[in-house]
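In what follows, every chain begins at residue 1, and chains take the letters A, B, ... in the order their sequences are listed.
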2 protein chains.
Amino acid sequence: MGEIARKTGAFIPVKTRRAFEEICDQIRGEIQAGNLVPGDRLPSERDLAEQFQVSRSTVREAFRTLEISGVVTLHKGSKGGAVLQRGDNQPITQTMHDLLMLGSISLQDFTEARVCIQKEIIELACERATDEDYDAIEQNIARTSEISLADRLEERTELTIEFYSLLARASKNSAMAILMSAITEPLRDYLRRLGPDRSWNVAESRLKFLGHLRRRDKDAAVAEMVAHMTRLHAFMIGKIES
Amino acid sequence: MGEIARKTGAFIPVKTRRAFEEICDQIRGEIQAGNLVPGDRLPSERDLAEQFQVSRSTVREAFRTLEISGVVTLHKGSKGGAVLQRGDNQPITQTMHDLLMLGSISLQDFTEARVCIQKEIIELACERATDEDYDAIEQNIARTSEISLADRLEERTELTIEFYSLLARASKNSAMAILMSAITEPLRDYLRRLGPDRSWNVAESRLKFLGHLRRRDKDAAVAEMVAHMTRLHAFMIGKIES
DNA sequence: AAACCCTAATGATCAGACCAATGAACAATA
DNA sequence: TATTGTTCATTGGTCTGATCATTAGGGTTT
């Protein structure tokens, strides 16, 4: 038997494409080409199965994939079907959450990243925030104050998430807002599990922060935020280890 | 007929949970509880169908969902099955790409977000980058120089993506590295479609940038990067509109 | 040993069925 | 007439049960 030809060099590993992936790509291709736009409705699973010459379950897996990716939403019933969305950041926040749970990101790195993102958001917001933005944030803080710490932990958590969302909106940059949600929403679980931190007044810190923001004092706002984050991080680390 | 009882107040809209979602949640719950860790192998579709008292196709949709989310990978054959991953940022970059394609994020916002993220990455890298990091980046730039602009667009694009990835790695923060990839990888498509920009020397700019980084001169590095981004953005806008 | 073959396990796909929700057209009613 | 209830076709969600292709491991032959 002859020698194995080694000099042929690097063969690329063969990767079999699954049928549903091909379907996803074709649909994404139509989106990229501009033939499909948000609001459009794809043909039904049964129709597409015929068009693609595959079984319904295969189309189904493609639909499911696109749904999880936030590209379409699926509606039952007559006039239902797969409707193209404008996109959704849920997949991003979900993945971020998974990465935390799976230990691929440490809480340390996560917190640091939050600080980084918020520094930039604050910088943008200081330039662009409108009075409406400030008022919305102020209302959010007011509602946070109203809610007692003991009960209504759920609402309090939601208000915290909303606070950061409003701040992100004030940056007037949708991409940064999405990154902000990616780095904020996973907090929900921690806040729920660890309970409230009664050792200091969150609303007070946020009000001070808002004041700096209103004065467009970037550095002071960042400093207040960093202080806030540091305390929160210490609280979380302490809770988790105990 | 009596009055409609309006004072009952806010009924919460009923949302029916689909079976596969429940399965996903249970599996994610086990991960969160620490009963499942990366490397573990889930039971086969057939087994889980029995355990969950659902059909195989339902388990399959759950598996597909977790696969798309980067939580597991599916392997065929004996000893195959769903294996828990350490997580994957592919879902994040894919979603970011979708959001761009669907017009949910403007190229303007996207570029600005890139600048924001990279500012923070540079700041971290200036503090923490090691000689190995610098050398890896330098090698990357060297290879970029070698490749002629005309041919090998593909490789050139990959090297560009790798450049940002190496930079992110130098920040020593995995969360920021993931955000960086989210905001960098979607570029691949643009670079491929628009072709190379021959009007200025990319490698030269990157070398200058690396010099600033080595001297840990944060401000200069950021300035060089911003200049680079500005030119690239102008190039992309020009190409797209023409 | 090394190459080959067989087999069980497992995801990928297929085919066909029924269920549940949805909305629109239509009928019944006040 | 305006509202309410009914019917019906459409469509995703799920089920059942089957075949195929790939994979790893064990056994057999060379």
Could you tell me the separation between the [atom1] atom of [X] and the [atom2] atom of [N], rounded to a whole number of Å?
X: A:E61; N: C:dA12; atom1: CD; atom2: P; result: 7 Å
X: A:L74; N: D:dT10; atom1: CG; atom2: P; result: 19 Å
X: B:H75; N: C:dT10; atom1: NE2; atom2: P; result: 14 Å
X: A:Q53; N: C:dT13; atom1: CD; atom2: C1'; result: 14 Å
X: A:R41; N: D:dT11; atom1: CZ; atom2: P; result: 6 Å
X: A:E45; N: D:dT14; atom1: CD; atom2: P; result: 11 Å
X: B:R60; N: D:dT16; atom1: CZ; atom2: C1'; result: 15 Å
X: A:E22; N: C:dT13; atom1: CD; atom2: C1'; result: 15 Å

>> Under 4.0 Å, heavy atoms only, any strand: does A:R64 hit a base, just the sugar-phosphate, or nothing?
In response: sugar-phosphate
Under 6.0 Å from the ring centre and within 45 degrees of the ring axis: does the NZ or CZ of [X] meet both conditions for the six-membered ring of [Y]?
X: B:R18; Y: B:F20; answer: no
X: A:R60; Y: A:F63; answer: no
X: A:R143; Y: A:F163; answer: no

> Pick the nucleotide of DNA chain D nearest each of B:K76 and A:F63; which residue has the one closer to the 5' end?
Replying inline: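 Going by which nucleotide is closer to the 5' end, it is A:F63.
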Does a nitrogen or oxygen in the side chain of [X] sit under 4.0 Å from OP1 or OP2 of [N]?
X: B:T58; N: D:dC15; value: yes
X: B:R56; N: D:dA18; value: no
X: A:S78; N: C:dG23; value: no
X: B:R18; N: C:dA20; value: no

> Where each residue is assigned the nucleotide of DNA chain C containing its nearest heavy atom, which of A:G80 and A:R46 is assigned the position nearer the 5′ end?
Replying inline: A:R46
> A:K79 or A:V54: which one's nearest nucleotide on DNA chain C is closer to the 5' end?
Replying inline: A:V54
> Salt-bridged, B:R128 to A:E112, with N to O below 4.0 Å?
Replying inline: yes
> Is there a donor-acceptor pair closer than 3.5 Å between any side-chain N or O of B:N140 and the backbone N or O of B:L159?
Replying inline: yes
